[in-house]
Amino acid sequence: MPEISLEVPGRGIVAAAAGETAREVLERAGVLGDSVAARLNGRSVDLSTRVEADGRLAPVAPASPEGLEVLRHSTAHLMAQAVKRLFPAAQITIGPVIEDGFYYDFSFERPFTPEDLERIEREMQKIVAEDLAVARTVEARDAAVGRFLGMGEKYKAEIIGSIPAGEDVSLYGQGDFVDLCRGPHVPSTGRLGAFKLTHVAGAYWRGDERNEMLQRVYGTAWADRETLEAHLALLEEARKRDHRRLGPALDLFSLHSISPGIPFFHPRGTIVYNQLVAYVRSLYERYGYTEVVTPLIYKTELFKTSGHYDSYRDDMFLLRADEEEYGVKPMNCPGHVHLFAQGKKSYRDLPIRYADFSRLHRFERSGVLSGLTRVRGFSQDDAHVFCTPEQADEEFALFLRMTREVYDAFGFEDVAVAVETRPEKFLGEPALWDDAERTLQEGLRRAGFDYTLSPGDGAFYGPKIAFNFRDALKRSWTLSTIQVDCAMPDRFGIRYVRPDGAEGRPVMLHRAILGSIERFIAILVEHTAGDLPLWLAPEQVRVLSVTDRSAEYGEAVVRRLRAAGLRAELDSRNEKLGFKIRAAEMMKIPAVAVVGDKEASQDMVAPRWRGEGNRPAQALGEFLAEAVTRAAMPGTGEAASGPVGVD
RNA sequence: GCCACCCUAGCUCAGUUGGCAGAGCAACUGAUUCGUAAUCAGUAGGUCGCCGGUUCGACUCCGGCGGGUGGCUCCA
């Protein structure tokens, strides 16, 4: 056998015979350890892969990203094997790795029950104990199709059938089970074990709702028990932070079947809501926006012109009055274009930036509604910019500056930017789209944003940039978006007079920074676990009287705090101090001021800041000054800056 | 919209094979006047999501509808 040489990290060059397995080479190099696969020239391969030529070879540890991918994929196969043993009539389809775990889709005559999941999990553990060897074989495509048809696996045969004819496919077998798979996999089922099946759900075959509904079983898998437990603990933590639980508990909002998907904001939640709007308004003042108030309901004629009637009608609330069809607006843009078209506009008027906090209503399919994150009624910090083509770059840059300022204000750091391009169903000229997509990408590059491309995800009227924020629970949410409109200026025929007296078509941008205020509140509640920043907290200070003797002084303290613009309440209930402290903590009140005989006699309070604990009593004026400073809205007070360089 | 599961007091949850609906917390009343995460006692609170069926009898079994949860498909 010819000698080959392999570069193994930490071991330099290791000599091997061509045809030796990766496992043999790694073992001899003393780096096999508990690896579940190998990396050969940068590609993940099975440990049983034969090395035929010079190259680089490294072990893949179970806890490494590639290792976890292998474990999860192998665990998906393990589950499929268990399902086939328990339910031979079930047909296997696909079973990919997803974030933190895997799923496998089965076609079966009935849905799996939670009890089935437990049985499947036990069967999986049995197969782990059997420690079956996992073996890879290669077969011609048509032979593989025949093999799976022979086993009655018509879905699998269909998948393999869609691979180009004449190609070979790789199969992985373990005991009585075989599956089509690119691999790699762990060498034997005994290497698995730190997994848990989490839930079952329906899923359409090939993701198309016209197809059969399959049974999808989700699971999570990790390198060892400890990391599995840690992951389950994180899920538990997420459950505790869930805004649908915290929101009502903190008396912020509630949902009721009387209006599915449209939230009721309670007085406390309304304070948060209005503070966010006030914050955005303060930015608008500096960034040169003008606010408008526009109709909620329009004759559908408007939506026919804008294109919404054709592209978006199924998602709209339509109504009939006076023999006329009306639509509740799902977006502000058609109204704003209409508004722009009123009166003659000159280049001297541009850019025009219409901001609108109007409520929007979208008839979302019932199955997609969820808390405040997916609703049927909401409002956005929405605005539409109309400018000359020459101004478009600067307008885009301005938006990016504003976005950055807002994210800094909230301390949002983990933000990924995606450029979403022309979808299949679109309006306007493809050339316009290409231009717009290029403009967006160049602007991002100039502003120093990294981004990824998300082909086909744009809005029907133009390409879009989405700012996706990852919250404390590692979930991703679209907050800000900006879209170049390639359709509506033409459809509405809006114009402006250029310096040379000719008429031009203005460029239209759609943009939002917080996005939906409802969704933003949900994200903020979960990100902060309900500990909202002081400027947003519905009740900023709670004054606690120790006994009835200090209640009157407590009232005076509350009056002083309120006069200084703070949101303060008095708890003078006939309860012990410990009880009131607990109540304030559970409502996550940021600051507590205890007043007893001592404080009352000296014009003092004993502060207790949430997360910081008790402080010695201090003069009321001192406490008040600190609270006012801490409660400042971002971009105001000391740090306030003047107008941003526009207009 | 599709698949599965869930819906009992304001909240969190018990409720045996179909036989008079329960607890803790919250609320209310009284006592207590108390110093940093729950003082004690008492009172009230329910068309068991809604409608229909089976049954001598339904929170419990069956069907339909509504809402929610997890997914799928769609999306701020």
Side-chain angles (χ1 to χ4, degrees), chain A residues 98 103 105 108 110-114 116-117 198-218 239 242 244-245 248-249 251 254-261 312 314-315 330-331 360 362-382 420 423 457 459 464 466-468 477-481 483 510 512-520 522-523 544-551 572-587 592-599 606-608 610 613-615 617:
Chain A
I98 53 174
Y103 67 78
D105 285 350
F108 193 43
R110 64 167 178 86
F112 293 120
T113 64
D116 290 335
L117 283 202
T198 52
H199 53 283
V200 260
Y204 301 108
W205 166 236
R206 294 194 177 237
D208 189 325
E209 61 182 323
R210 287 165 303 196
N211 288 343
E212 187 204 343
M213 171 102 21
L214 306 171
Q215 305 302 320
R216 175 171 297 179
V217 181
Y218 284 89
R239 224 175 53 81
D242 193 326
R244 292 167 305 186
R245 182 175 291 255
D251 201 16
S254 58
L255 291 153
H256 195 278
S257 57
I258 203 69
S259 181
Y312 209 81
D314 291 346
D315 295 307
M331 302 180 190
L360 305 174
R362 299 182 184 177
F363 183 67
E364 299 285 353
R365 296 158 93 182
S366 61
V368 307
L369 300 176
S370 178
L372 294 187
T373 54
R374 197 67 187 277
V375 292
R376 284 183 174 162
F378 62 103
S379 54
Q380 297 174 293
D381 60 331
D382 194 16
E420 304 180 348
D457 282 342
K464 169 160 110 180
F467 291 75
N468 298 308
W477 301 100
T478 298
L479 299 180
S480 317
T481 61
Q483 292 142 44
H510 305 235
I513 294 188
L514 304 184
S516 145
I517 309 293
E518 281 74 2
R519 171 178 288 185
F520 194 81
I523 294 166
L544 310 184
S545 56
V546 178
T547 68
D548 288 350
R549 288 191 303 279
S550 44
S572 59
R573 288 178 295 178
N574 180 8
E575 296 288 352
K576 290 181 152 183
L577 183 58
F579 179 91
K580 298 184 190 183
I581 294 279
R582 181 163 191 271
E585 290 285 350
M586 293 210 303
M587 288 302 280
V592 159
V594 174
V595 294
D597 292 336
K598 195 177 85 188
E599 289 78 12
R608 175 183 167 108
R610 185 161 161 82
N614 306 334
R615 284 219 215 139

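Quick note: numbers below take in every heavy atom, side chains included, and nothing from hydrogens, waters or symmetry partners. Below, chain A is the first sequence line, B the second, and so on; all start at residue 1.
- Residue A:S516 has its side chain nearest to B:rA76 when only B:rC34, B:rA76, B:rC72 are considered.
- For A:R365, the side-chain atoms get nearest to B:rG1 when compared with the rest of B:rG1, B:rC72, B:rU69.
- Residue A:K580 places none of its side-chain N or O atoms closer than 4.0 Å to OP1 or OP2 of B:rA38.
- The partner of B:rU33 is absent, by the rule that a Watson-Crick or G-U pair needs both atom distances under 3.5 Å.
- Note that the CG atom of A:D105 and the CH2 atom of A:W205 stand 8.5 Å from one another [nearest 0.5 Å].
- Under the Watson-Crick and G-U wobble criteria, each requiring two contacts below 3.5 Å, nucleotide B:rG52 is paired to B:rC62.
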Step by step, would you call A:D251 with A:M587 a side chain to side chain contact (heavy atoms under 4.5 Å, CB included)?
-> CA-CA 9 Å; A:D251 201 16; A:M587 288 302 280; 4.3 Å; yes
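- In this structure B:rU16 sits in no base pair that meets the Watson-Crick or G-U test at under 3.5 Å.
- Residue A:R206 holds its CZ atom at 11.0 Å from CG of A:L214, rounded to the nearest 0.5 Å.
- Atom pair A:I258:CD1 and B:rG68:P shows a separation of 12 Å (rounding to whole Å applied).
- A 3.5 Å limit on both hydrogen-bonding distances identifies B:rG71 as the Watson-Crick or G-U partner of B:rC2.
- Rounded to the nearest 0.5 angstrom, A:K576 NZ and A:L544 CG are separated by 15.5 Å.
- Distance CG (A:L214) to P (B:rC2): 17 Å, rounded to an integer number of Å.
- You'll find that the side chain of A:L577 is closest to B:rU36, out of B:rU36, B:rA76, B:rG1.
- Checking B:rA27, B:rU39, B:rA76 against every side-chain atom of A:R573, the shortest atom distance belongs to B:rA27.
- Searching all strands for a Watson-Crick or G-U wobble partner of B:rG42 with both distances below 3.5 Å returns B:rC28.
- Checked for salt-bridge contact, A:D242 and A:R244 meet the test: a charged N lies under 4.0 Å from a carboxylate O.
- B:rC74 and B:rU12 are spaced 34 Å apart, taking the C1' atom of each and rounding to whole Å.
- In the set B:rU69, B:rG35, B:rA76, B:rG35 carries the atom at the smallest distance from any side-chain atom of A:V546.
- Of the side-chain N and O atoms in A:R608, none sit less than 4.0 angstrom from OP1 or OP2 of B:rG35.
- Between the C1' atom of B:rU33 and the CZ atom of A:F579 lies a distance of 15 Å, rounded to the nearest Å.
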